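Worksheet: one structure, shown below.
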Amino acid sequence: MTFITDIKTFAALGSGVIGSGWVARTLAHGLDVIAWDPAPGAEQALRKRIANAWPALEKQGLAPGASQARLTFVDTVETCVREADFIQESAPERLDLKLDLHARISAAAKPDAIIASSTSGLLPSEFYASAVHPERCVVGHPFNPVYLLPLVEIVGGKQTAPQAIEAASTVYTALGMRPLHVRKEVPGFIADRLLEALWREALHLVNDGVATTGEIDDAIRFGAGLRWSFMGTFLTYTLAGGDAGMRHFMSQFGPALKLPWTYLPAPELTDKLIDDVVEGTSQQLGDRSIAALERYRDDTLLAVLEAVTTSKANHGMSFSD
Ligand SMILES: NC(=O)C1=CN([C@@H]2O[C@H](COP(=O)(O)OP(=O)(O)OC[C@H]3O[C@@H](n4cnc5c(N)ncnc54)[C@H](O)[C@@H]3O)[C@@H](O)[C@H]2O)C=CC1
Ligand SMILES: C[N+](C)(C)CC(=O)CC(=O)[O-]
């Protein structure tokens, strides 16, 4: 089973926050882009958003031939997808709407064109239930702003072919993205489960009068947020365990999960879970020592701090703004 991976024409259905981000990214990569959105004034709003994103994309570097003039806005789903080599749906997050839309998209599209949905957490097996050739249908969940952030989660449904996951991954990589294959089809995938947990706690903190939204944002942006740009939670906590690494971290801070500090039920800290976490972080460490990883963390943190300070100054702000 083969799917189109050398794409020249990209179709974007839905041109709101996320759809326009896809259009900006793909235009900047020198593709022809066809867009459709049923809202009155959608074309004008889309072109305005692209123009606003363009300076950042120019700074990042445009592909040869990249031009905002290569965007065509059409007035039907069928015209949007018929000639497209890759199709990205970014319509409102409603199961019934996506179910109907994908029946139409897939009936009109080339049979070997990958169809992707930007959904943040709906299950592809459900909203591709009426699709023609469901083997080429995937989730490609991006992050806002789509034209700058590299992560895209790829999720298959029950009928998705493994070759379609590979093809989507090839295309997104060519578009400068960092695909992450979510191997189990679960609601919310990986990233939004993490983000939702944080978001839920943030809302509890506001609701309980513990902190203002600004204070909670400060708690992120002056702390963990800075290190999250280059190191995830597991390796960060490996370093928090000192030379003994993750096993010491788990024994020292594991019991706090039972207090509990948060409203989220914590998983049972079984020996297997601890072993899995220790094994996973050991693999992430690879041949590096704790000290070498600390040097990497410190150097990168300094570089991020310098970059953030410079960028804020360029926009008339001080670092603490
Ligand atoms: N906003 C975010 O931070 C993120 C959103 N997503 C996902 O992207 C998708 C789109 O979300 P947003 O762009 O935020 O929404 P949005 O509300 O900004 O844009 C949705 C667009 O879809 C259009 N639309 C309405 N009915 C439609 C239909 N039947 N077919 C096609 N388009 C239709 C609307 O006119 C609007 O322009 C959702 O599935 C959402 O879960 C994914 C990542 C991040
Ligand atoms: C709020 N959200 C669930 C739509 C967010 C995302 O899906 C990803 C993002 O950009 O944070």
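For ligands, and for the atoms within them, numbers begin at 1 and follow the listed sequence. Please read all numbers here as calculations on a predicted model, not as lab measurements.
Judged purely by distance below 3.5 Å, without hydrogens or angles, the side chains of Thr119 and Glu93 pair a donor atom with an acceptor atom.
In summary, the atoms of ligand 1 found under 4.0 Å from a heavy atom of His141, numbered by their order in the structure, are 42 (C), 43 (C). For ligand 1 and Leu101, the ligand atoms under 4.0 Å from any heavy atom of the residue are 30 (N), 31 (C). Interface of Leu195 with ligand 2, defined as ligand atoms under 4.0 Å from a residue heavy atom, comprises 11 (O). Near Ala39, meaning under 4.0 Å from any of its heavy atoms, are these atoms of ligand 1: 35 (O). Taking every non-hydrogen atom of Thr119 and a distance limit under 4.0 Å, the qualifying atoms of ligand 1 come out as 39 (O). Each of the atoms 38 (C), 39 (O), 40 (C), 41 (O) of ligand 1 lies under 4.0 Å from some heavy atom of Glu93.
Contacts of Asp192 with ligand 2, taken as heavy-atom pairs under 4.0 Å, involve the side chain alone. With a 4.0 Å cut-off on non-hydrogen atoms, Leu97 touches ligand 1 through its side chain and not its backbone. At a 4.0 Å heavy-atom cut-off, ligand 1 does not touch Val77 at all. Counting heavy atoms closer than 4.0 Å to ligand 2, residue His141 contributes side-chain atoms (C-beta onward) but none from N, CA, C or O. Of the heavy atoms in Ser117, none comes closer than 4.0 Å to ligand 1.
Looking at atom 1 (N) of ligand 1, its nearest protein heavy atom turns out to be Ile18 CG1, 3.9 Å. Closest protein heavy atom to atom 27 (C) of ligand 1: Pro38 CG, 3.5 Å. The protein heavy-atom contact nearest to atom 10 (O) of ligand 2 is Asn144 N, 3.0 Å. Nearest protein neighbour of atom 9 (C) of ligand 2, counting heavy atoms only, is Phe143 CD2, 3.5 Å. Ranking the protein heavy atoms by distance from atom 6 (N) of ligand 1 puts Ser120 OG, 3.3 Å first. Atom 19 (O) of ligand 1 has as its closest protein heavy atom Gly16 CA, 3.3 Å. Ranking protein heavy atoms by distance to atom 31 (C) of ligand 1, first place goes to Trp36 CZ3, 3.3 Å. Of the protein's heavy atoms, Val17 N, 3.0 Å lies nearest to atom 18 (O) of ligand 1. Atom 38 (C) of ligand 1 has Ala91 O, 3.3 Å as its closest protein atom, hydrogens excluded (heavy atom only). When only non-hydrogen protein atoms are considered, atom 35 (O) of ligand 1 lies nearest to Asp37 OD1, 2.7 Å.
Taking a 6.0 Å sphere around CZ of Phe230, one finds it holds more than 12 heavy atoms contributed by other residues, nucleotides or ligands.
The heavy-atom pair separating Ile165 from Val155 by the smallest distance is CD1-C, 4.2 Å. For His29 against Gly176, the heavy-atom pair with the smallest separation is NE2-N, 3.8 Å.
Within a 4.0 Å radius of atom 24 (N) of ligand 1, the protein contributes at least one heavy atom. Distance screen at 4.0 Å: atom 15 (O) of ligand 1 has no protein heavy-atom neighbour inside the cut-off. Protein heavy atoms are found less than 4.0 angstrom from atom 4 (C) of ligand 2.
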Verdict with reasoning, Ser125 to Glu185, per side-chain contact (heavy atoms from CB on, under 4.5 Å): CA-CA 8 Å; Ser125 293; Glu185 189 190 11; 2.8 Å; yes

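Separating the NE2 atom in His102 from the OG atom in Ser130 is a distance of 11.0 Å, to the nearest 0.5 Å.
One finds a salt bridge joining Lys272 and Asp276 here, because a Lys/Arg side-chain nitrogen approaches an Asp/Glu carboxylate oxygen to under 4.0 Å. Comment: Arg227 does not engage Asp298 in a salt bridge, judged by the lack of any side-chain N to carboxylate O separation of less than 4.0 angstrom. Using a cut-off of 4.0 Å between Lys/Arg side-chain N and Asp/Glu carboxylate O, Arg94 and Asp96 are scored as salt-bridged. No salt bridge links Arg297 with Asp299; every basic N to acidic carboxylate O contact stays at or beyond 4.0 Å.
In this structure a side-chain-to-backbone donor-acceptor pair under 3.5 Å is present from Gln88 to Gly140. The backbone N or O of Val278 sits less than 3.5 Å from a side-chain atom of Thr281, completing a donor-acceptor pair. Looking at Asp85, its side chain does come within 3.5 Å of a backbone N or O of Lys8 through a donor-acceptor pair.
Using a 4.0 angstrom heavy-atom cutoff, Phe143 does not count as in contact with ligand 1. Ligand 1 has at least one atom lying under 4.0 Å from a heavy atom of Pro142. Under a 4.0 Å heavy-atom criterion, Glu89 is not in contact with ligand 1.
By the 30° and 60° cut-offs, the orientation of the rings of Phe86 relative to Tyr172 is perpendicular.
The six-membered or imidazole ring of Trp228 lies away from that of Phe234, with a centre-to-centre distance of 6.0 Å or more.
Nearest-heavy-atom check against atom 10 (C) of ligand 1 across Ala42, Ser90, Gly140 picks out Ser90.
No single ILVMFWY cluster, assembled from side-chain heavy atoms under 4.5 Å apart, contains both Leu203 and Ile216.
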